[in-house]
Amino acid sequence: MRSSPPDLASLAGRKVALWGWGREGRAAYRAIRTRLPSLPLTLFCSAAEAAEAASLGDPHLAAETDASASRLSAFEIVVKSPGISPYTPEAVAAAQAGTRFIGGTSLWFAEHAGDDGIAANTICVTGTKGKSTTTALLAHLLRAGGHVTALAGNIGLPLLEALEPDIAPEFWAIELSSYQTGDVAVSGVRPQVAIALNLFPEHLDWHGSHERYVEDKLKLITQARPQTAVLNANDPRLAQLGATLTESTVRWFGRTDGWHLREDDLYRGDAFVMDTRALPLPGRHNRGNLCAVLTAIEALGLDAVSLASHAASFRPLPHRLQTIGTREGITYVNDSISTTPHASLAALDCFASRPVAILVGGHDRGLPWDDFAEAMRTHAPRAIVTMGQNGPRIHALLQPVAARAGFVLGEAVDLADAMAQARAALGGEGVVLLSPGAPSFGAYRDYVARGRHFAELAGFDPDLISTIPGLGVA
């Protein structure tokens, strides 16, 4: 077996399986079939997904529901969907038996390796908070400068779906989750630029611990060895990391000698560039991430100063501090993608001058809410309504705080109940803010479904608030 992970062509003649049949899994299947139409494949998936796969009529595809260690160990290579953790007992046992687990991201990078081992003109973005907006803003500014740019990855278009676009892009703006950063690392192919925005506790159920989450997230920098690493000087862990890198050129944002904010003003070194308050970038953290984008653009050898003003025409992404409308004096803001307490705090900060009722809670991954509760002692909104699996835990933590700080604390059975309680607490004015600080699993398929239901309950058309602008090549 080759020491480096394979590209698509080199899968020929090997025992290959797919694990997962979501959008990433289906994209991997189509990419393999395009290059290797008769390669025998085994798909590990649910019974319902097996029936869907059978309807394809592919005589070389067999679907199974038993993704046990013994079955996975029967294959040389398993192309795993990102949502499946490599730290499950069956995956660990199969890996120890010699099975190699890769993902679609790894296959894509292997297809784009240059002779120097670098995937030219690739800009990868990761971070706990703000990575989708940052990636989309990067693509927007590059396109504004006349550069054909692909927007893909975790943002909503699997890389393998964009493997052979009709128009060859000059640049690739790629969002990577912590589930995918390791795929770039094991591909052996270096991104040209990699941006790391920030690090907060997240996805502990997938990674197993905060320490491993940080380690996995940072593989994009520490193991993928980008030609240029763009790092946030204000994140303590990233500031510490930057001093240890020897194989990447480090460029900092948030530092006075580069792109940074002074209050709400954007500066390049000592030079004032523009006031950011009117930009369609909700939250100061997103305006700060504009600094990351401009730093990356400079790393590509382009004039970032001339492109900065085009941020004014950026279209905000759905489900991310998205104002969906006003009904009877109440403004509804959809921040359904918020899956950490830190994200909920950032959302509250955006509306500090207005009466706010925030809806928090969802799937319980064990993240601590102590920092959130502490912040509520001095910076509480008018009302907090808890809901979901971890709602009772959050409610219990906030009860003594609410008694002293004087905010309304409600406990809801579902989203509809939470919204009713929030409206009642506001009394006809202010903001109902859905920023759950927790995933949607259990109650909803994903954060998109949760955000759509929020819009529908508020009296708005969910189809009008769900499209991510700019996906693909433009």
SB check [X] [Y] (cutoff 4.0 Å):
X	Y	result
Arg255	Asp257	yes
Glu164	Arg35	yes
Glu161	Arg23	yes
Arg287	Asp264	yes
Arg284	Glu263	no

Donor-acceptor pair, [X] side chain versus [Y] backbone, under 3.5 Å?
X	Y	answer
Arg143	Gly470	yes
Ser466	Asp463	no
Thr295	Cys291	yes
Thr133	Gly130	no
Glu298	Ala304	no
Thr340	Ala343	yes
Asn121	Glu170	yes
Asp275	Asp265	no
Arg190	Arg225	yes
Arg452	Arg450	no

Does the side chain of [X] come under 3.5 Å of the side chain of [Y] through a donor N or O and an acceptor N or O?
X	Y	answer
Ser85	Tyr179	no
Asp335	Ser435	yes
Ser46	Glu49	yes
Thr126	Lys217	yes
His140	Thr149	no
Thr326	Thr331	yes

Please round to the nearest 0.5 Å and tell me the distance separating atom [atom1] of [X] and atom [atom2] of [Y].
X	Y	atom1	atom2	answer
Leu359	Phe454	CG	CZ	6.0 Å
Asn198	Leu231	CG	CG	11.5 Å
Ile221	Cys124	CD1	SG	9.0 Å
Phe171	Leu300	CZ	CG	5.0 Å
Trp108	Glu111	CH2	CD	10.0 Å
Arg315	Leu137	CZ	CG	14.0 Å

Decide yes or no for [X] and [Y]: does some side-chain heavy atom of the first lie under 4.5 Å from some side-chain heavy atom of the second?
X	Y	answer
Leu241	Leu218	yes
Phe253	Leu197	yes
Leu279	Leu290	yes
Arg365	Gln389	no
Leu294	Val273	no
Val214	Arg237	yes
Asn289	Asn232	no
Ser338	Leu434	no

Tell me, please, whether Phe460 has Arg327 positioned over its six-membered ring: NZ or CZ under 6.0 Å from the ring centre and within 45 degrees of its axis?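 That pair qualifies as a cation-pi contact.
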Establish, for the pair Arg212 and Tyr87, whether the NZ or CZ atom is under 6.0 angstrom from the six-membered ring centre and no further than 45 degrees off its axis.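 Flagged: Arg212 positioned over aromatic ring of Tyr87.
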More than 12 foreign heavy atoms under 6.0 Å from CZ of Arg262: is that the case here?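 Check passes, neighbour count above 12.
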Is it true that atom CZ of Arg30 has more than 12 heavy atoms of other residues, nucleotides or ligands lying nearer than 6.0 Å?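 Count over threshold, so yes.
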I would like to know whether Tyr332 and Thr323 meet side chain to side chain contact (heavy atoms under 4.5 Å, CB included); could you show each step before the answer? CA-CA 6 Å; Tyr332 293 88; Thr323 298; over 6 Å; no
Under the side chain to side chain contact (heavy atoms under 4.5 Å, CB included) rule, what do Asn334 and Ile465 come out as? Steps first, then yes or no, please. CA-CA 9 Å; Asn334 168 26; Ile465 63 103; 3.9 Å; yes
Would you please test Ile77 and Thr99 for side chain to side chain contact (heavy atoms under 4.5 Å, CB included) and show each step? CA-CA 6 Å; Ile77 296 170; Thr99 298; over 6 Å; no
Is the centre of the [X] ring less than 6.0 Å from the centre of the [Y] ring?
X	Y	value
Tyr444	His453	yes
Trp172	His112	yes
Trp21	Tyr29	yes

Test side chain to side chain donor-acceptor pair (under 3.5 Å) on Asn154 and Glu175; report intermediate values, then the result. CA-CA 5 Å; Asn154 188 63; Glu175 181 194 339; 2.8 Å; yes
Let's go through Ile297 and Val293 carefully: what are the C-alpha distance in whole Å and the side-chain angles of both, what is the deciding distance for side chain to side chain contact (heavy atoms under 4.5 Å, CB included) to 0.1 Å, and is it a yes or a no? CA-CA 6 Å; Ile297 287 173; Val293 168; 3.9 Å; yes
Closest approach of [X] to [Y] (non-hydrogen atoms, all atoms of both residues):
X	Y	answer
Gln192	Thr122	N-OG1, 3.1 Å
Pro368	Pro341	O-CG, 3.5 Å
Tyr447	Ser336	O-OG, 2.7 Å
Ala144	Leu307	C-CD2, 4.4 Å
Leu39	Arg33	O-NH2, 2.8 Å
Ala152	Leu159	CB-CD2, 3.9 Å

Working note: Glu24 + Lys80, criterion salt bridge (charged side-chain N to carboxylate O under 4.0 Å, His left out); need CA distance, chi angles, decisive distance, verdict. CA-CA 9 Å; Glu24 288 273 356; Lys80 180 184 69 62; over 6 Å; no
Check the pair Ser440, Arg445 against side chain to side chain donor-acceptor pair (under 3.5 Å), reporting the backbone distance first and the verdict last. CA-CA 7 Å; Ser440 59; Arg445 181 181 69 252; over 6 Å; no
Could you label the plane-to-plane angle of the Trp19 and Phe101 rings as parallel, tilted or perpendicular, counting under 30° as parallel and over 60° as perpendicular?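 Correct class here is tilted.
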